[in-house]
There are 2 protein chains.
Amino acid sequence: MVERSLNEHLSHLLAQANRHLSRQLTAEGVSLDQWRLMKVLSESGGLPMGKLAEELALNLPTLTKLVDRMVQDALVYRVPDPADRRKVRMFLSDKGASMLASQNKRVEEHEAKVEDNYGNEDAQRLKSMLENFIKQIV
Amino acid sequence: MVERSLNEHLSHLLAQANRHLSRQLTAEGVSLDQWRLMKVLSESGGLPMGKLAEELALNLPTLTKLVDRMVQDALVYRVPDPADRRKVRMFLSDKGASMLASQNKRVEEHEAKVEDNYGNEDAQRLKSMLENFIKQIV
DNA sequence: GAGCAATTGTTTAATCGGAAACTATATATA
DNA sequence: TATATATAGTTTCCGATTAAACAATTGCTC
């Protein structure tokens, strides 16, 4: 049993890839997490905090405070669920939607460029492999 | 031009995969970054801070403070470079080496299990695709 | 339906992270 | 060799993250 070098560890490779890409995608004060949050809400508005935390792999206290800030900035808003008053349903505001739109543009452009350089077929393949991988480990 | 859903974005998939895996690998107070740092030093002892930051995709102030803590815990130590006194060379202590050994064991076991479930060939392929991807975007 | 457990989310206290400013040393230029 | 410029790390300040404790509401069981 030979010891692996760092570059042969999935955890390391994922950390590197994630950090580089997420740095490149942070712009105009919109972090990758903020973008992902807004994007989820645009696709499924009204998600409760718990589901949102799951979708984004954020833990709940972290999400609470991220949402606090985004509510301050009027990007999203909370609506208590009348059917289950423990729940808080999250929605994207108009301002949030327009922020999302411009950030979408930046992200799409950047990823398109990256995927072009990497090779579009390979990029496609990489994504579907990651998708399966995530299902595996969650 | 159809708008992509979140699951079709590499940035999202990488963030998810990274977070899940890095959470699962944090143990006994050793974070993924701490492990990666110790592992790099075990492979190339004497790296200056700047190189170390590059290798780990950490920015320098963050690394300084991570190292501060690890020096407190006597896992690593600093040696000023006599040839260039701006530089600080980092080394793994004996305690660090033994910490690394036990954490290596945990990581290897966990990743082996994950890779088994995912399929070893696919895992291998995923890693080499990620390696290429990282070269691409850095 | 009263009491107890489970679920949902927030708060608290401590630690960690990042951008910008700063210190110290080395190198280049005149 | 004096002055400017570049490089390597650290510090500061403020914002972000975490684990643990907490509060509110719902569901279960007797």
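Remember, predicted model here, so these are calculated numbers, not experimental data.
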**Nearest-angstrom distance from the residue atom CG of A/Leu63 to C1' of D/dT18** = 14 Å
**Message:** With a 4.0 Å cut-off on N to O distance, would you call A/Asp122 and A/Lys127 a salt bridge?
**Reply:** no
**Request:** Considering only NZ, NE, NH1 and NH2 on the basic side and carboxylate oxygens on the acidic side, decide whether A/Lys113 and A/Glu109 come within less than 4.0 Å.
**Result:** no
**Request:** Provide, to the nearest angstrom, the distance between the CG atom belonging to B/Asp33 and the C1' atom belonging to C/dT15.
**Result:** 14 Å
**Item:** Gap between atoms CG and P, on B/Leu37 and C/dC16 respectively (whole Å)
**Value:** 14 Å
**Request:** To the nearest 0.5 Å, tell me how far A/His9 NE2 sits from B/Leu32 CG.
**Result:** 10.5 Å
**Helix axis bend for the helix from C/dG1-D/dC30 to C/dA30-D/dT1 - C1'-based end axes, five pairs, 10° rounding** = 20°
**Asked** Which residue, A/Ala83 or A/Leu66, contacts DNA chain D at a nucleotide closer to its 5' end, judged by nearest heavy atom?
**Response** A/Leu66
**Heavy-atom donor-acceptor pair, A/Arg19 side chain to B/Leu58 backbone, under 3.5 Å** = no
**Prompt:** According to a 4.5 Å side-chain heavy-atom criterion applied to Ile, Leu, Val, Met, Phe, Trp and Tyr, with indirect links allowed, do B/Leu13 and A/Val138 form part of one hydrophobic cluster?
**Reply:** yes
**Prompt:** Rounding to a whole Å, what distance do you find between A/Glu54:CD and C/dT8:C1'?
**Reply:** 12 Å
**Prompt:** How long is the span from the CH2 atom in B/Trp35 to the CE atom in B/Met99, to the nearest 0.5 Å?
**Reply:** 15.0 Å
**Message:** Whole angstroms only, please: what is the CZ-P distance between A/Arg78 and D/dA24?
**Reply:** 16 Å
**Asked** Quick one: on DNA chain D, does A/Arg69 or B/Val88 contact a more 5' nucleotide (nearest heavy atom)?
**Response** B/Val88
**Complete:** What one should report as the nearest heavy-atom pair of B/Ala53 and B/Leu60 is CB-CD1, 3.9 Å
At a cut-off of 3.5 Å, list every protein nitrogen or oxygen paired with a nitrogen or oxygen from nucleotides 19-22 of chain C, distance to 0.1 Å.
from	atom 1	to	atom 2	distance (Å)
C/dA19	OP2	B/Asn59	ND2	3.4

**Prompt:** Which whole-number value in Å describes the distance from A/Lys87 NZ to D/dT26 P?
**Reply:** 11 Å
Check nucleotides 4-6 of chain D against the protein and report each pair of N or O atoms closer than 3.5 Å, with its distance, or say if there are none.
none

**Fill in**
A/Leu60 CG to D/dA19 C1', in whole Å, measures 13 Å
**Complete:** Of A/Arg23 and A/Thr64, the one whose nearest nucleotide on DNA chain C sits closer to the 5' end is A/Thr64
**Message:** Expressed as a whole number of angstroms, how long is the span from B/Asp81:CG to D/dT7:P?
**Reply:** 17 Å
**Request:** Would you indicate what B/Arg89 reaches in the nucleic acid, counting non-hydrogen atoms under 4.0 angstrom: base, sugar-phosphate, or nothing?
**Result:** nothing
**Prompt:** Counting distance only, does the side-chain N/O of B/Gln16 pair as donor-acceptor with the main-chain N or O of A/Glu55 below 3.5 Å?
**Reply:** yes
**Request:** I would like to know whether A/Glu43 and A/Lys39 meet salt bridge (Lys or Arg N to Asp or Glu O under 4.0 Å); could you show each step before the answer?
**Result:** CA-CA 6 Å; A/Glu43 290 172 7; A/Lys39 184 114 173 105; 3.7 Å; yes
**Asked** Given A/Glu3 and B/Asn104, is the side chain to side chain donor-acceptor pair (under 3.5 Å) satisfied, shown in steps?
**Response** CA-CA 9 Å; A/Glu3 171 135 339; B/Asn104 269 341; 3.0 Å; yes
**Request:** Take A/Arg4 and B/Glu115 through the test salt bridge (Lys or Arg N to Asp or Glu O under 4.0 Å) and record every step on the way to the result.
**Result:** CA-CA 14 Å; A/Arg4 293 183 190 186; B/Glu115 293 183 9; 3.1 Å; yes
**Request:** Would you check, one step at a time, whether the test side chain to side chain donor-acceptor pair (under 3.5 Å) holds for A/Gln72 with A/Arg69?
**Result:** CA-CA 5 Å; A/Gln72 282 293 316; A/Arg69 276 170 258 137; over 6 Å; no
